Novice: 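One structure coming up, written as structure tokens, with questions to follow.
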Amino acid sequence: MRIDVITIFPGYLAPLREALLGRAIGAGLVDLAVHDLRSWTRDVHQAVDDSPYGGGPGMVMRPQVWGEALDAVLALDERPARIVVPTPAGRPFTQATAQAWTGEERLVFACGRYEGIDQRVVDDARRRDLPVDEVSIGDYVLVGGEVAVLVMVEAVVRLLPGVLGNPASAQQDSFSDGLLEGPAYTRPEVWRGLAVPEVLRSGNHAKIARWRRDRALERTAQRRPDLLAALPEDALDDADRAF
Ligand SMILES: COc1ccc2nc(C(=O)O)sc2c1
């Protein structure tokens, strides 16, 4: 997978070259290119924004600069790309989104700042039949799209074959089966007077699996009843329902 990020703060994306993601890049599982939007400005001030039509606070990012930047970055590679625009007004980015994007050959992230990018940039891309997703990582507002890109790239890349040491980890994630993960424990057996639940030390794998499933159901019911309600009919077996 090739990932391009266009931003006025390239340094914000430096964490993508650390740790797991850095190793995925080093292993050739991901190609990452970060581009400074100001490279496509033509004025001495390298202006990327302007006042909003209709008035109101803040500034809007100029369509000319973004149009030229996207055209140039898209032309760098012939692989078909999905353009992703992080925005508080976007559809929710979920684990399902991350899973779906693992099928993309290329993702091009357009990081907005200020009050966002002139809408015509997205409209122009869509009318050229380029796939464009406007997405939000949560019901809060960041200062720009860069942090959202860090979140989304990590969520997607970790799912790519060969990235996680143990692929089973991705299967047992929170959300992968629609439930939150239950509690996890490691040595020592007792810490500050708190003992590891005995069932986890029993060696009885069936009991352990049941206990873990019950804790996941319990935690999901307490913290995210919406996820429980959204589960498909056949997601819960009789033992789950008995819980
Ligand atoms: C102007 O660019 C922004 C500003 C806030 C923001 N907040 C996001 C979120 O997903 O919460 S994406 C995003 C992009």
Side-chain angles (χ1 to χ4, degrees), residues 1 3 15-30 84 86 90-104 107 133 135-140 147-243:
M1 176 182 287
I3 296 174
L16 291 181
R17 298 189 186 280
E18 298 295 323
L20 185 83
L21 298 184
R23 288 195 296 274
I25 294 167
L29 298 171
V30 175
V84 178
R91 295 176 188 278
F93 174 80
T94 65
Q95 188 65 19
T97 316
Q99 190 63 54
W101 288 357
T102 59
E104 297 290 343
L107 295 173
D133 287 346
V135 291
S136 167
I137 62 167
D139 291 341
Y140 39 74
V147 167
V149 170
L150 292 175
V151 167
M152 293 189 278
V153 168
E154 178 161 312
V156 173
V157 170
R158 66 184 290 278
L159 295 175
L160 296 177
V163 173
L164 285 180
N166 178 358
S169 303
Q171 267 66 49
Q172 291 158 17
D173 278 348
S174 281
F175 302 101
S176 57
D177 60 0
L179 299 177
L180 300 182
E181 273 183 297
Y185 302 87
T186 186
R187 286 186 288 260
E189 198 174 304
V190 180
W191 176 74
R192 293 187 179 179
L194 299 169
V196 172
E198 191 174 341
V199 65
L200 296 180
R201 294 181 285 115
S202 68
N204 182 324
H205 296 296
K207 276 190 175 180
I208 291 170
R210 183 68 257 161
W211 183 88
R212 282 177 167 161
R213 178 77 174 175
D214 288 348
R215 298 295 71 73
L217 288 162
E218 182 179 66
R219 182 174 275 187
T220 308
Q222 288 168 349
R223 299 179 183 180
R224 291 294 304 274
D226 57 304
L227 293 179
L228 219 48
L231 285 176
E233 192 56 37
D234 59 357
L236 300 179
D237 61 26
D238 292 343
D240 294 336
R241 295 179 198 289
F243 170 72

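Remember, it's a predicted structure, so these values are computed and weren't measured experimentally. Counting from 1, the numbers follow the sequence of the chain as shown.
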Novice: State plainly whether the residues Arg210 and Asp240 are in salt-bridge range, i.e. N to O under 4.0 Å.
Specialist: yes

Novice: Can you list every salt bridge (Lys or Arg N to Asp or Glu O under 4.0 Å) pair that touches residues 228-237, not counting sequence neighbours?
Specialist: Glu233-Arg241

Novice: Where do Pro188 and Val196 come nearest, in terms of heavy atoms and distance?
Specialist: O-CG2, 3.9 Å

Novice: Can you name the closest pair of heavy atoms from Gly203 and Ile208 and give their distance?
Specialist: N-CD1, 4.1 Å

Novice: Are there more than 12 heavy atoms of other residues, nucleotides or ligands under 6.0 Å from atom CD of Glu154?
Specialist: no

Novice: Can you confirm whether Arg219 is buried at CZ, in the sense that more than 12 heavy atoms of other residues, nucleotides or ligands lie under 6.0 Å from that atom?
Specialist: yes

Novice: Indicate the atoms forming the closest heavy-atom contact of Thr97 with Pro92, along with that distance.
Specialist: OG1-O, 3.8 Å

Novice: Any side-chain heavy atom of Asp177 sitting closer than 4.5 Å to one from Leu231?
Specialist: no

Novice: What I want to find out is whether Arg91 reaches Asp133 closely enough, with some N-O distance under 4.0 Å, to be called a salt bridge.
Specialist: no

Novice: Measure the spacing between CG of Asn204 and CD of Glu198 and express it to the nearest 0.5 Å.
Specialist: 11.5 Å

Novice: Using every non-hydrogen atom in the two residues, find where Val163 and Val157 come nearest and quote the distance to one decimal.
Specialist: CG2-O, 3.3 Å

Novice: Does a side-chain heavy-atom distance below 4.5 Å link Ile3 with Met152?
Specialist: no

Novice: Let's go through Val156 and Met1 carefully: what are the C-alpha distance in whole Å and the side-chain angles of both, what is the deciding distance for side-chain contact (heavy atoms from CB on, under 4.5 Å) to 0.1 Å, and is it a yes or a no?
Specialist: CA-CA 10 Å; Val156 173; Met1 176 182 287; 4.0 Å; yes

Novice: Any side chain to side chain donor-acceptor pair (under 3.5 Å) pairs touching residues 185-194, not counting sequence neighbours?
Specialist: Glu189-Arg201

Novice: Looking only at non-hydrogen atoms, find the nearest pair between Arg215 and Pro183 and report the distance.
Specialist: CB-CD, 3.7 Å

Novice: Report yes if the side chains of Leu159 and Thr102 come closer than 4.5 Å at any heavy-atom pair, otherwise no.
Specialist: yes

Novice: Is there side-chain contact between Arg213 and Leu217, with heavy atoms separated by less than 4.5 Å?
Specialist: yes

Novice: Go through the structure and list residues passing side-chain hydrogen bond (donor to acceptor under 3.5 Å, both in side chains) with Thr220, not counting sequence neighbours.
Specialist: none

Novice: Are side-chain heavy atoms of Leu200 and Arg212 found at a separation under 4.5 Å?
Specialist: yes

Novice: Measuring only between side-chain heavy atoms, which start at C-beta, is Val149 closer than 4.5 Å to Pro86?
Specialist: yes

Novice: Begin with the C-alpha distance, continue with both residues' side-chain angles, and end with the deciding distance and a verdict on side-chain contact (heavy atoms from CB on, under 4.5 Å) for Val84 and Phe93.
Specialist: CA-CA 11 Å; Val84 178; Phe93 174 80; over 6 Å; no

Novice: Heavy atoms, side chains only, cut-off 4.5 Å: are Leu179 and Leu227 in contact?
Specialist: no

Novice: Would you name the heavy atoms of Gly138 and Ser136 that are closest together and state the gap between them?
Specialist: O-OG, 2.8 Å

